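This report concerns only the one structure given below.
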Amino acid sequence: MLSGLSWPWLALLMAAGLVLDLVLGEARRWHPLVGFGSLAKRIEGALNQAPASRLRGILAWALAVLPGVALAAWIIHLAPWWLACLLHAALLYFCIGLRSLRDHTLPIALALARGDLAAARVLTSYIVSRDTRQSNETDLAKAGVESLLENGNDAVFGTLFWFLVAGGPGALLFRLANTLDAMWGYRNERFLHFGWAAARIDDVLNWIPARLTAWSYAWLGNRAQALACWKEQAPAWSSPNAGPVMAAGAGALCVALGGPAVYDGEVEQRPPLGCGKPAEGADIVRAWRLVAQAALLWLAIVGALALFSFGVFHA
């Protein structure tokens, strides 16, 4: 492993990062990712000039991501072992977003449960890019479940995967790359060329985590249906990673997602996801539980690998 950490240390620090996230939640002030977003905006403003250029997009990505990751790796390399472990756990805490998913989506389910569509529309607009002003309960429930399933990969499992590969710097690399994809990875006039590198790099970094996430959702839900939806529906999605994750998750939950959604005033017909009944507010809670259980599954697997490394299960 690139992190230099053994399986027992990876298990311990992974658990520490998850516990810190669940107990403390997002840092309300001086969050590193907020500062990174401001830096990325300044870099984009300076380099995204006409004529559009993929080369400038590659340079911008490198300037935004690589110095911070290299600095984190260098500090950890030079630090005494106990401080290095604390830094690994701290980086994982700042990069992971399990509690954030809960805090941003469960209020939508609560608003729908009390019939407050106006509040649910506003809350949903905070987590999706689609227009929610005229959305009904099914539209809002679909948006909440889809966001949980997709961001379960982006904010949780992709981060955990790269933490297992390269420790805190690996988690930081993935999270910064994923943030740039969210900021620059659009296929519009402004970002079609400039954001090409951000989108493609995120696709590469996410390829393995997305499929592990899809398998995790399938294992914990309706397995046969999840795998069938993954096989049949994922290829229709333009994103090579969101398709498997959301199709498997919808199948695992036995709900129907996808379909029409309003973006920039126009209705976009998206491919279907899952099967069964249309999503309801209560399905947002079920989706959150699926993501949380998958996080526990990953922690249990890493813990088992740690025990194997100690020879606990050997005769």
Side-chain angles (χ1 to χ4, degrees), residues 7 10-23 25-26 92-93 95-106 108-109 127 141-142 144-165 170-171 174-175 178 205-231 233-234 237 239-255 257 273-274 276 279 282-306:
W7 281 112
L10 281 170
L12 180 62
L13 296 176
M14 179 174 160
L18 284 168
V19 169
L20 285 172
D21 174 64
L22 290 173
V23 172
E26 287 184 328
L92 179 58
Y93 159 64
C95 292
I96 205 165
L98 182 58
R99 176 168 165 176
S100 176
L101 290 181
R102 184 195 71 181
D103 291 348
H104 284 91
T105 56
L106 293 196
I108 301 171
I127 64 169
K142 285 196 301 183
V145 173
E146 289 170 9
S147 180
L148 269 167
L149 295 175
E150 182 177 8
N151 286 299
N153 176 65
D154 292 343
V156 181
F157 303 110
T159 302
L160 290 178
F161 174 84
W162 284 103
F163 178 79
L164 294 174
V165 171
F174 174 81
R175 204 69 173 97
N178 186 251
L205 293 177
N206 242 325
W207 199 90
I208 296 176
R211 281 140 188 86
L212 292 176
T213 302
W215 274 109
S216 301
Y217 291 163
W219 185 263
L220 294 166
N222 187 319
R223 199 172 310 161
Q225 186 164 283
L227 296 177
C229 291
W230 178 357
K231 179 181 179 180
Q233 298 172 343
W237 281 75
S239 169
N241 298 319
V245 168
M246 292 197 294
L253 293 169
C254 301
V255 295
L257 304 175
L273 293 167
D283 293 316
I284 296 176
V285 180
R286 294 177 60 230
W288 152 250
R289 289 174 180 164
L290 181 64
V291 174
Q293 289 167 0
L296 291 176
L297 175 63
W298 280 48
L299 185 57
I301 292 172
V302 174
L305 290 171

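Nothing here was measured: the structure is a model prediction, and the numbers come from that model. In what follows, residues are counted from 1 in the order of the sequence shown.
- Of the possible donor and acceptor atoms, none in the side chain of Glu150 sits under 3.5 Å from a partner among the backbone N and O of Ala242.
- Among all heavy-atom pairs drawn from Val285 and Ala109, the shortest one is CG2-CB, 3.9 Å.
- To the nearest 0.5 Å, the span separating OG on Ser239 from CE on Met246 amounts to 7.0 Å.
- How far CD1 of Ile108 is from CG of Leu148: 8.0 Å, rounded to the nearest 0.5 Å.
- The backbone N or O of Asp154 lies less than 3.5 Å from no partner atom in the side chain of Asn151, so there is not a single donor-acceptor pair.
- Applying the 6.0 Å contact sphere to CD1 of Ile301 captures more than 12 heavy atoms from other residues, nucleotides or ligands.
- Legend: residues meeting salt bridge (charged side-chain N to carboxylate O under 4.0 Å, His left out) with Asp283, ordered by chain and number and at least two apart, are Lys277, Arg286.
- When side chains are defined from C-beta on, Leu227 counts as touching Arg223, because their heavy atoms get closer than 4.5 Å.
- Checked against salt bridge (charged side-chain N to carboxylate O under 4.0 Å, His left out), Arg99 has the following partners two or more places apart in sequence or in another chain: Asp103.
- When all heavy atoms of Leu98 and Ala295 are compared, the closest pair comes out as CD2-CB, 4.1 Å.
- Atom CH2 of residue Trp207 and atom CG of residue Leu212 lie 9.5 Å apart, to the nearest 0.5 angstrom.
- When all heavy atoms are compared, the tightest approach of Cys229 to Gly274 is SG-CA, 3.7 Å.
- Judged purely by atom type and a 3.5 angstrom limit, Gln233 has no side-chain atom pairing as donor or acceptor with the backbone of Gly243.
- Closest approach of Leu149 and Leu253 over heavy atoms only: CD2-CD1, 4.3 Å.
- Looking at heavy atoms from C-beta onward, Asn206 lies in side-chain contact with Phe174 at the 4.5 angstrom threshold.
- Trp215 does not carry Arg211 over the face of its six-membered ring by the limits of under 6.0 Å from the centre and within 45° of the normal.
- Remark: Trp298 engages Phe157 in a ring pair (Phe, Tyr, Trp, His ring centres under 6.0 Å) (not counting sequence neighbours).
- Here the closest heavy-atom approach between residue Trp162 and residue Leu205 is recorded as NE1-O, 2.9 Å.
- The shortest heavy-atom contact between Val291 and Tyr217 is CG2-OH, 3.6 Å.
- For Asn241 and Asn153, the side-chain atoms include no donor-acceptor pair closer than 3.5 Å.
- Distance check: Phe163 CZ to Leu13 CG gives 5.0 Å after rounding to the nearest 0.5 Å.
- Taking OG1 of Thr159 as the start and CG of Asn178 as the end, the distance is 7.0 Å to the nearest 0.5 Å.
- To the nearest 0.5 angstrom, Trp237 atom CH2 is 4.5 Å from Leu273 atom CG.
- When atom types are taken as modelled, the side chain of Asp21 and the backbone of Gly17 share no donor-acceptor pair closer than 3.5 angstrom.
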